[in-house]
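I have placed the structure first, in the form of structure tokens, so that the comments after it can refer back to it.
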Amino acid sequence: MEVRFRYWEGDLDGAWALIEREWQECIDWGAEPDLLYVATHRGLLAIWRGELADAAAVADDAFERAQQLGGETALAIAMSVQVAAAAYQGRVDDARRYGNLALEISARNELWRAGDWPRSMLGFLEVSLGRYPEALQYLEPRIAAVPDSPSTEIDMAGFVPDVVEALTAVGRLDEVAPIISRMEANGTRLDRPWMLCVAYRGRASMLAAKGDLEAAEETAHRALIYHDRLPMPFERARTLLLLG
């Protein structure tokens, strides 16, 4: 749990050190099933830190261990790590193949929560390609769950930036506003730099869509203040791209 607190607060380097220690402890104890759970955190942290080659290596290791363990639950977890690594590396065909396989396994075994991650990653992939209606086909179930979700922490709400971008792009601004407001409120209350980056970038995008470019630029620059506290180069690049 300490690992999660670290990355909730934006301390990704500290979280990485802890997860590497947990990984080694699992290896020392021969706790193979636990290694798959740890792999999900290792993969996400590597992606967030911009270490995409490390994320791919974690994904390959998770897949190998899942094959050794056997069972579709283990395979669904491994495929979820694979789709994330492939999507962020721009390996479009691999990401779609892994993601759809993970969704098939999850549906076949009624592992509904296990399908959340690959669905989010496939949505991210389509957003990255500018295919917003296709992205929303994957993200709609996540959008529907937002009002009932007890948390907007990064590991629970990592799909929110893609939801905000896709909804804004297709003109569904009335749905975007409450999501942004919730991220901003929680980010301010809990002092979470990731939530505030997402909130201000989303609000900047929404303002731009409404034609208020001056306010949009000011708000995007406000997001950059919080990026300075958050060593996530990909997310920073998304904000800079919005600024042009």
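Everything numeric here is computed off the predicted structure, so don't read it as measured data.
For the 3.5 Å distance criterion, the side chains of Trp29 and Asp34 fail to qualify, holding no donor opposite an acceptor. Remark: the Gln82 side chain and the Asp60 side chain contain an N/O donor-acceptor pair separated by less than 3.5 Å. In summary, the side chains of Tyr200 and Arg222 do present a donor paired with an acceptor at a separation below 3.5 Å, with no hydrogens or angles considered. Between the side chains of Tyr132 and Glu165, at least one donor N or O lies within less than 3.5 Å of an accepting N or O. Side-chain atoms of Asn100 and Glu104 form no donor-acceptor pair, as typed in the model, at a separation below 3.5 Å. Neither side chain, Thr152 nor Arg182, offers a donor N or O lying under 3.5 Å from an acceptor on the other.
With rounding to the nearest 0.5 angstrom, the CZ atom of Arg238 is 14.0 Å from the CG atom of Leu243. Separating the CG atom in Leu103 from the CE atom in Met121 is a distance of 12.0 Å, to the nearest 0.5 Å. To the nearest 0.5 Å, the span separating NE2 on His221 from CG on Leu242 amounts to 10.0 Å. Summarising the geometry, atom CG belonging to Asp212 is positioned 12.0 Å from atom CZ belonging to Arg203; distances are rounded to the nearest 0.5 Å. Rounding to the nearest 0.5 angstrom, the gap separating the CD1 atom in Ile105 from the CG atom in Leu75 is 4.0 Å. Between the CE atom in Met156 and the CH2 atom in Trp8 there is a gap of 9.0 Å [rounded to 0.5 Å].
In this structure the side chain of Val81 never reaches within 4.5 angstrom of the side chain of Leu36, judged on heavy atoms. When side chains are defined from C-beta on, Glu184 does not count as touching Met195, because their heavy atoms never get closer than 4.5 Å. Within the 4.5 Å cutoff, the side chain of Arg4 has no heavy atoms near those of the Glu153 side chain. Under the 4.5 Å side-chain criterion, counting only non-hydrogen atoms from C-beta, Val83 is not in contact with Trp117. Side-chain contact between Gln24 and Asp28: present, with at least one pair of heavy atoms (C-beta onward) separated by less than 4.5 Å. Contact check for Tyr7 versus Asp13: no side-chain heavy atoms found under the 4.5 Å cut-off. Glu22 places a side-chain heavy atom less than 4.5 Å from the side chain of Val3. Side-chain contact between Trp48 and Ile154 is present, with heavy atoms from C-beta onward closer than 4.5 Å.
Taking both residues in full, the closest heavy atoms of Thr239 and Ala223 are given as CG2-CB, 4.1 Å, listed atom of the first, atom of the second, then distance. Between Ala78 and Ala62, the shortest heavy-atom contact is CB-O, 3.6 Å. Shown here for Gly50 and Pro233, the closest heavy-atom pair between the two residues is CA-CG, 3.8 Å. The nearest pair of heavy atoms linking Ala87 to Ala95 is N-CB, 3.8 Å. Here the closest heavy-atom approach between residue Gly10 and residue Pro193 is recorded as CA-CG, 4.3 Å. Annotation for Ser151 and Ala157: closest pair O-CB, 4.4 Å, computed over non-hydrogen atoms.
Other residues, nucleotides and ligands contribute more than 12 heavy atoms inside 6.0 Å of the CD atom of Gln68. Residue Arg172 places its CZ atom among more than 12 non-hydrogen atoms of other residues, nucleotides or ligands, all under 6.0 Å distant. The local environment of CG in Asp174 is sparse, with at most 12 non-hydrogen atoms from other residues, nucleotides or ligands closer than 6.0 Å. When the shell of 6.0 Å around CD of Glu218 is examined, it contains 12 or fewer heavy atoms from other residues, nucleotides or ligands.
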Practice item. Step by step, work out the side chain to side chain contact (heavy atoms under 4.5 Å, CB included) result for Asp162 and Ser120. Key: CA-CA 8 Å; Asp162 306 308; Ser120 295; over 6 Å; no
Practice item. Decide yes or no on side chain to side chain contact (heavy atoms under 4.5 Å, CB included) for Asp61 and Leu35, but give the supporting numbers first. Key: CA-CA 10 Å; Asp61 183 85; Leu35 281 169; 6.0 Å; no
Practice item. Could you go through the side chain to side chain contact (heavy atoms under 4.5 Å, CB included) check for Ile179 and Glu175 one step at a time? Key: CA-CA 7 Å; Ile179 296 173; Glu175 295 174 68; 5.6 Å; no
Practice item. Start with the C-alpha gap between Arg192 and Glu9, add the side-chain angles, then the distance that decides, and say whether side chain to side chain contact (heavy atoms under 4.5 Å, CB included) holds. Key: CA-CA 6 Å; Arg192 298 289 196 251; Glu9 293 171 348; 4.0 Å; yes
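Note that Arg142 lies in the cation-pi zone of Phe159, set by a 6.0 Å cut-off to the ring centre and a 45° limit from the axis.
In terms of modelled atom types and a separation under 3.5 Å, the side chain of Ser205 and the main chain of Arg201 share no donor-acceptor contact. Formation of a donor-acceptor pair under 3.5 Å by the Thr188 side chain with backbone atoms of Ala185 is not found in this model.
Taking the six-membered ring for Trp and thresholds of 30 and 60 degrees, Tyr88 and Phe234 have ring planes more than 60 degrees apart, a perpendicular arrangement.
A salt bridge does not link Arg229 to Asp11: none of the charged side-chain nitrogens sits closer than 4.0 Å to a carboxylate oxygen. At a threshold of 4.0 Å, the pair Arg42-Glu20 counts as salt-bridged, since one of the basic side-chain nitrogens sits closer than that to a carboxylate oxygen. A salt bridge links Arg96 with Glu126: the closest approach of a Lys/Arg side-chain nitrogen to an acidic carboxylate oxygen falls below 4.0 angstrom. Salt bridge annotation for Asp93-Arg97: absent, with no cationic side-chain nitrogen under 4.0 angstrom from a carboxylate oxygen.
The side chain to side chain contact (heavy atoms under 4.5 Å, CB included) test with Thr168 singles out one residue from Ile180, Val176, Leu207, and that residue is Val176.
Under the 4.5 Å side-chain heavy-atom criterion for ILVMFWY residues, a single connected hydrophobic cluster contains both Leu173 and Leu139. A continuous path of Ile, Leu, Val, Met, Phe, Trp and Tyr side chains, each step under 4.5 Å between heavy atoms, connects Leu52 with Leu230, placing both in one hydrophobic cluster. The hydrophobic clustering, which links ILVMFWY residues whose side-chain heavy atoms are closer than 4.5 Å, places Phe5 and Trp23 together. Neither Leu196 nor Val163 shares a network with the other; the hydrophobic side chains, linked directly or stepwise wherever heavy atoms of I, L, V, M, F, W or Y lie under 4.5 Å apart, form separate groups for each. Under the 4.5 Å side-chain heavy-atom criterion for Ile, Leu, Val, Met, Phe, Trp and Tyr, Leu213 and Leu224 are members of distinct hydrophobic clusters.
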